Amino acid sequence: LSQARENARRAVCMNNLKQLGIIITLYTLDYNEYLPPCRQANISGAPFWNDILIAAGYFKPLSLATGKQAQGDRNILLCPFWPPKKWTEGYSSRLYGFNRAQFSYGTFTKISKIKNPSDTWILCDSIDVGSSAKYQINEAGLSAGNNKVHLRHNGTANFLFVDGCVRSLTENDLKVRGIVNYYIGK
């Protein structure tokens with residue numbers, strides 16, 4: 001029963017990533033095929049990928065009356081089964097990890113320039129092992145550091161690829177792809 005529950009959680013998380021893939025595709029269509037960067041610039045206060053998508057209007061403003069949105073729910077920005085589980089205004093770094101190794105700070109990459117879009121990932125399940133709460137974190141993919149790919153779904157991590165495909169990858173899949181900075185467990 002717990003295995004079935006975890007498979008359902010993984011599917012919900014994968015659906016969030018699929019929806020984000022659609023939003024990122026819309027962004028590339030609106031911005032001359034450019035993907036948003038991990039962060040707009042390497043300076044304090046510069047917007048991260050999610051802030052760029054929000055500012056560009058892909059998520060409606062929060063309603064002050066209900067705290068909910070009619071469309072473009074920001075909760076899809078993070079895995080609903082790992083803290084903080086829900087979008088919190090002011091904590092925009094607690095969400096899926098953007099591939100900082102491939103799409104660095106201040107780097108706007110044209111989607112047509114990516115040689116292998118079906119093997120190049122954009123977003124993944126992530127974790128900040130440097131925080132006591134081990135929250136999700138908005139960047140991952142570097143070969144070292146506290147921001148890691150997180151195998152949280154029965155030994156797998158969910159990934160969104162440039163071509164829009166979402167896949168769950170095992171530890172072995174990560175090693176084959178050269179992803180060495182990952183975390184297994186809670």
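Hydrogens, waters and symmetry mates play no part in the numbers below; they use all other heavy atoms, side chains included. It should be emphasised that the depicted structure is a prediction, and the values quoted were computed from it without experimental measurement.
For residues 133-154, the pairs satisfying salt bridge (charged side-chain N to carboxylate O under 4.0 Å, His left out) are Arg100-Glu139, Asp125-Arg152, with sequence neighbours left out.
Between Phe161 and Pro117 the shortest heavy-atom distance is CB-O, 3.9 Å. Looking at every heavy atom in both residues, Asp173 comes nearest to Thr170 through OD2-N, 2.9 Å. Between Gly145 and Asn181 the shortest heavy-atom distance is O-ND2, 3.4 Å. Here the shortest heavy-atom pairing between Cys124 and Ala140 reads SG-CB, 4.0 Å. Between Gly141 and Asn99, the shortest heavy-atom contact is CA-OD1, 4.4 Å. Heavy-atom minimum distance, Leu35 versus Tyr27: C-CE2, 3.8 Å.
Summarising the geometry, atom CG belonging to Leu95 is positioned 4.5 Å from atom CG belonging to Asn50; distances are rounded to the nearest 0.5 Å. The structure places CG of Asn138 at 8.0 Å from CZ of Arg39, a figure rounded to the nearest 0.5 Å.
Taking the side chain as every heavy atom from C-beta outward, Cys79 and Asn158 never approach each other to under 4.5 Å. By the 4.5 Å heavy-atom criterion applied to side chains, Ile24 and Pro36 are counted as neighbours. Considering only heavy atoms from C-beta on, Pro47 stays 4.5 Å or farther from Ile54 through its side chain. Taking 4.5 Å as the limit, some side-chain heavy atom of Arg177 sits within range of a side-chain heavy atom of Leu169. At least one side-chain heavy atom of Pro84 sits less than 4.5 Å from a side-chain heavy atom of Leu78. Residues Lys110 and Asn32 form a side-chain contact, since some pair of their non-hydrogen atoms from C-beta on lies under 4.5 Å apart. No side-chain heavy atom of Cys13 sits less than 4.5 Å from a side-chain heavy atom of Arg10. By the 4.5 Å heavy-atom criterion applied to side chains, Asn75 and Asn16 are not counted as neighbours.
Hydrophobic cluster membership differs between Trp82 and Leu160, with clusters built from Ile, Leu, Val, Met, Phe, Trp and Tyr side chains linked at under 4.5 angstrom. Cluster annotation: Leu17 and Ile76 are assigned to the same hydrophobic cluster (Ile/Leu/Val/Met/Phe/Trp/Tyr, side-chain heavy-atom contacts under 4.5 Å, transitive). Connection of Leu142 to Ile179 is not established within any shared hydrophobic cluster, with ILVMFWY side chains joined at heavy-atom distances below 4.5 Å, either directly or through further cluster members. Residues Phe59 and Ile122 fall within the same hydrophobic cluster, defined by Ile, Leu, Val, Met, Phe, Trp and Tyr side chains chained together at heavy-atom separations under 4.5 Å. With hydrophobic clusters built from ILVMFWY side chains whose heavy atoms lie under 4.5 angstrom apart, Met14 does not share a cluster with Phe159.
Side-chain atoms of Arg9 do not come within 3.5 Å of backbone N or O of His153 as any donor-acceptor pair. Remark: side-chain polar atoms of Ser104 are not paired, donor with acceptor, to backbone N or O of Cys38 under 3.5 angstrom.
Using the six-membered ring where Trp is involved, Tyr183 and His150 have ring planes that are tilted, between 30° and 60° apart.
Cluster partners of Phe81, using a side-chain heavy-atom cutoff of under 4.5 Å among ILVMFWY residues and allowing indirect links, are Val12.
Here the rule is ring-ring contact (aromatic ring centres under 6.0 Å, His included) with Trp49, and of Tyr105, Phe103, Phe108, Phe98 only Phe98 fits it.
Residues passing the ring pair (Phe, Tyr, Trp, His ring centres under 6.0 Å) test with Tyr96: none are found, sequence neighbours excluded.
At a cut-off of 3.5 Å, with distance as the only test, no side-chain donor of Thr28 or Asp30 sits close to an acceptor on the other residue.
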Candidate pair Arg94 and Ile137, rule side-chain contact (heavy atoms from CB on, under 4.5 Å), full reasoning: CA-CA 5 Å; Arg94 309 266 186 242; Ile137 192 70; 4.2 Å; yes
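The existence of a salt bridge linking Glu171 and Lys175 is confirmed by a sub-4.0 Å separation between a basic side-chain nitrogen and an acidic carboxylate oxygen.
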